[in-house]
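Have a look at the structure below before the remarks.
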Amino acid sequence: MCQIRSIILIAMTVFLLSCQQADVDTHETRFMMGTLVSFTVTHADKTLAKKAIRKAAEEMQRVESIFTIYGDQPNDIKAFNQSPINTGIHFTPEISKLLKTALMIERQSLGSFNPKLALLNKLWGFSQTIAVEHPPSQQAIEKYLHGTQRCLQQQAKQWFRSTSNCQLDFGAIAKGYAIDRGIAVLRQYDIQNAMINAGGDMRLIGKHGSKDWRIGIRDPRHKDEIIATLSLHGDVSIVTSGDYERYFMYQGQRYHHILEPKTGWVSRHSQSTTVIAANAMLADAWSTALFVAGKKGIKLAEKYGLQALIIDSEGHQYTTKDMPINLLSKP
Ligand code: ADP
Ligand code: MG
């Protein structure tokens with residue numbers, strides 16, 4: 001019988017269930033984008049597979065360095081976040097495209113997704129190296145929330161921000177985009193069967209040997225258990241956002257890294273959301289957006305052609321009609 005492959009994969013939100021096809025699998029794990037990223041390539045030529053993985057990882061690192069708002073290295077996003085207000089800043093086509101997608105999802109999700117909350121996200125501190133132990137004050141939240149709604153404008157190739165609080169954070173979409181770029185590079189090396197899993201954000205192509213890729217979705221409240229399985233092949237992007245990877249407990253309440261953009265407080269409608277979309281960028285952004293939307297997000301998912309599983313704050317499970325999932329417990 002197939003076993004879950006390793007402790008590392010168990011720690012991830014979504015993980016690969018099927019056993020390794022030892023003869024043809026090349027498997028490598030790297031730490032990137034604040035998480036463990038695993039590459040599985042099924043190809044008879046292992047030298048080629050290794051080279052393709054190395055190149056895919058380099059490309060993903062490039063994407064991370066362009067979009068991150070953390071660390072000491074300068075980039076265009078950090079420069080924009082420090083730029084004087086109402087002053088045009090030029091972005092590369094790549095950045096403009098991801099930003100436009102993020103703003104489109106903000107509109108479509110009716111504001112559940114907001115890529116301009118960098119200051120608030122930093123205030124909460126979930127992506128900082130020092131562990132957070134208590135929530136910020138209401139006063140500080142209000143201060144940083146102010147002016148983060150409709151504060152961005154594009155004219156020709158220039159982007160303008162109208163408030164100093166309007167600061168970009170691609171934390172809920174860039175990982176998915178990086179995975180898409182990684183898969184594109186694998187394909188350039190003629191890899192047709194592969195999976196990239198960045199801590200629960202996944203894209204898979206082809207098959208796993210002669211079988212489907214088998215994925216398990218973690219129970220948000222029992223870390224070593226799964227609540228659903230999926231058997232997938234072809235080209236599938238599947239991403240989970242949850243409240244159990246980056247969080248702290250304070251006075252009996254859970255505080256985690258997904259924020260409700262209208263209040264600046266932690267979003268309380270869901271425990272986890274899993275989304276299948278046309279690519280990992282969309283699946284990543286929408287899994288965060290639907291997390292904030294909660295069970296009413298199912299309608300949004302259906303409207304925008306996404307497949308989704310939403311586990312609400314009470315642990316009830318809701319799926320879109322066509323979600324190809326095998327739930328292990330009753331919804
Ligand atoms: P993970 O990074 O764990 O995969 P997500 O994709 O859900 O999780 O992204 C969470 C990150 O996105 C946060 O760390 C923060 O940087 C940012 N973020 C938090 N809340 C929102 C939101 N409502 N809309 C857009 N980005 C958000
Ligand atoms: Mg996301």
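Starting from 1, each residue takes its place in the sequence as its number. Ligands are counted one by one from 1 in listed order, and the atoms in each one are counted from 1 as well.
Contact annotation: for Ala289 versus ligand 1, there are no heavy atoms closer than 4.0 Å. Proximity of Glu260 to ligand 1, defined as any heavy-atom pair under 4.0 Å, is not found for any part of the residue. Of all the heavy atoms of Lys175, the ones lying under 4.0 Å from any atom of ligand 1 belong exclusively to the side chain. With a 4.0 Å cut-off on non-hydrogen atoms, Pro261 touches ligand 1 through its side chain and not its backbone.
Of the protein's heavy atoms, Ala172 CB, 3.5 Å lies nearest to atom 26 (N) of ligand 1. Of all protein heavy atoms, the one lying nearest to atom 17 (C) of ligand 1 is Asn121 ND2, 3.7 Å. What sits closest to atom 23 (N) of ligand 1 on the protein, heavy atoms only, is Leu259 O, 2.9 Å. When only non-hydrogen protein atoms are considered, atom 25 (C) of ligand 1 lies nearest to Asn114 O, 3.2 Å.
The option with the heavy atom closest to atom 1 (P) of ligand 1, from among His257, Glu106, Glu245, is His257.
If you check the side chains of Asp25 and Thr42, you find a donor sitting under 3.5 Å from an acceptor. In summary, the side chains of His269 and Ser313 do not present any donor paired with an acceptor at a separation below 3.5 Å, with no hydrogens or angles considered.
Between Thr288 and ligand 1, an N or O atom pair is found at a separation short of 3.5 Å. Polar contact check, Thr240 against ligand 1: no nitrogen or oxygen pair lies under 3.5 Å apart. At under 3.5 Å, not a single nitrogen or oxygen of Leu117, backbone or side chain, sits near a nitrogen or oxygen of ligand 1.
Residues Arg203 and Ser237 share a closest heavy-atom pair of CD-OG, 3.2 Å.
A cation-pi arrangement is present between Arg254 and Tyr247 under the rule of less than 6.0 angstrom and at most 45 degrees off the ring axis. The cationic atom of Arg268 (NZ for Lys, CZ for Arg) lies less than 6.0 Å from the six-membered ring centre of Tyr255 and within 45° of the ring axis.
Counting atoms of ligand 1 from 1 in the listed order, those under 4.0 Å from a heavy atom of Arg246 are 1 (P), 2 (O), 3 (O), 14 (O). Close contacts of ligand 1 with Ile258, meaning ligand atoms under 4.0 Å from a residue heavy atom, involve 7 (O), 19 (C), 20 (N). Set against the non-hydrogen atoms of Ser241, the atoms of ligand 1 under 4.0 Å away are 5 (P), 6 (O), 7 (O). Heavy-atom contacts of Asp169 reach the following atoms of ligand 1: 15 (C), 16 (O) (cutoff under 4.0 Å). Atoms of ligand 1 found under 4.0 Å from any heavy atom of Asp284, numbered from 1 in the order shown, are 6 (O).
Geometry note: the Mg ion (ligand 2) is the vertex, Ala172 O and Thr288 OG1 are the arms, and the angle is 100° (rounded to 10 degrees).
At most 12 non-hydrogen atoms from other residues, nucleotides or ligands lie less than 6.0 angstrom from CD of Glu133. Under a cut-off of 6.0 angstrom, the local environment of NE2 in His90 is crowded, with over 12 non-hydrogen atoms contributed by other residues, nucleotides or ligands. Residue Lys207 places its NZ atom among more than 12 non-hydrogen atoms of other residues, nucleotides or ligands, all under 6.0 Å distant.
With Asp312 contributing its side chain and Lys295 its backbone, the two residues share no donor-acceptor pair below 3.5 Å.
When distances to the Mg ion (ligand 2) are checked against a cut-off of 2.8 Å, Asp284 contributes an N, O or S atom below that limit.
One finds a salt bridge joining Glu94 and Arg62 here, because a Lys/Arg side-chain nitrogen approaches an Asp/Glu carboxylate oxygen to under 4.0 Å.
Note on ligand 1: Ser267 sits outside its first shell, no heavy atom being nearer than 4.0 Å. Distances from ligand 1 to the non-hydrogen atoms of Phe113 include at least one value under 4.0 Å.
Ring-plane geometry between Phe248 and Phe126 is classed as parallel, the angle between the planes falling under 30 degrees on a 0 to 90 degree scale with a further cut at 60.
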Verdict with supporting geometry, Gln128 and Lys122, side-chain contact (heavy atoms from CB on, under 4.5 Å)
CA-CA 7 Å; Gln128 321 276 22; Lys122 283 183 177 167; 3.8 Å; yes
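Tested against Lys116 for a side chain to side chain donor-acceptor pair (under 3.5 Å), the candidates Gln167, Glu106, Gln149 yield a single pass: Glu106.
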